[in-house]
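Excluded from the calculations below are hydrogen atoms, water molecules and symmetry mates; all remaining heavy atoms, backbone and side chain alike, are included.
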Amino acid sequence: DRILLDNLDPEEIREVVQERSRTGNRTPLEASGGVTVQRAKALAEAGVDFISVGSLTHSAKAIDFALDWKT
């Protein structure tokens with residue numbers, strides 16, 4: 001289980017991380033929503049435990065790939 005921090009900027013994430021530390025809560029935090037590879041470093045430095053980077057799969061080109069064989 002983890003808490004999802006959706007569409008927050010790094011400063012907002014820092015505030016959540018600080019509040020978690022203040023309360024002693026150990027639930028992992030995950031940043032998601034609008035995350036790009038370029039923003040990932042800033043989000044990691046803000047203190048989240050996990051980052052979901054949807055742009056990795058949103059921009060991937062699809063291919064038609066089959067693995068057919070006859071015996």
Side-chain angles (χ1 to χ4, degrees):
D1 293 334
R2 59 184 75 157
I3 297 172
L4 186 63
L5 306 176
D6 196 30
N7 293 308
L8 298 182
D9 62 44
E11 184 52 41
E12 292 170 316
I13 289 175
R14 272 188 212 86
E15 291 174 18
V16 174
V17 169
Q18 289 172 355
E19 183 64 18
R20 179 184 65 170
S21 295
R22 188 188 68 73
T23 62
N25 189 323
R26 299 177 67 141
T27 304
L29 301 173
E30 178 177 346
S32 71
V35 178
T36 62
V37 174
Q38 293 78 14
R39 288 188 64 223
K41 182 178 180 184
L43 296 171
E45 290 172 345
V48 292
D49 303 296
F50 299 93
I51 300 174
S52 296
V53 183
S55 66
L56 292 175
T57 55
H58 295 217
S59 61
K61 295 189 189 261
I63 62 168
D64 185 6
F65 181 78
L67 193 58
D68 299 330
W69 70 88
K70 294 181 182 181
T71 59

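Phe50 is not connected to Val17 by any chain of hydrophobic side-chain contacts under 4.5 Å among Ile, Leu, Val, Met, Phe, Trp and Tyr, and they are in different clusters.
Within the model, atoms CD1 of Ile3 and OG1 of Thr27 stand 5.0 Å from one another, a figure rounded to the nearest 0.5 Å. Atom-to-atom distance recorded for Lys41:NZ and Arg39:CZ is 15.0 Å, nearest 0.5 angstrom. The structure places CG of Asp9 at 8.0 Å from CD of Glu15, a figure rounded to the nearest 0.5 Å.
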Might you work through the side chain to side chain donor-acceptor pair (under 3.5 Å) test for Asn25 and Thr23, ending with a clear yes or no? CA-CA 5 Å; Asn25 189 323; Thr23 62; 5.0 Å; no

Can Leu43 and Val35 be said to form a side chain to side chain contact (heavy atoms under 4.5 Å, CB included), step by step? CA-CA 9 Å; Leu43 296 171; Val35 178; 3.7 Å; yes

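Taking the side chain as every heavy atom from C-beta outward, Leu5 and Val16 approach each other to under 4.5 Å.
A salt bridge links Arg20 with Asp49: the closest approach of a Lys/Arg side-chain nitrogen to an acidic carboxylate oxygen falls below 4.0 angstrom.
Partners of Arg2 by side-chain hydrogen bond (donor to acceptor under 3.5 Å, both in side chains), not counting sequence neighbours, listed by chain and number: Glu30. Residues satisfying the side-chain hydrogen bond (donor to acceptor under 3.5 Å, both in side chains) criterion with Gln18, sequence neighbours excluded, are absent altogether.
Here the shortest heavy-atom pairing between Ala46 and Ile13 reads CB-CG2, 3.7 Å.
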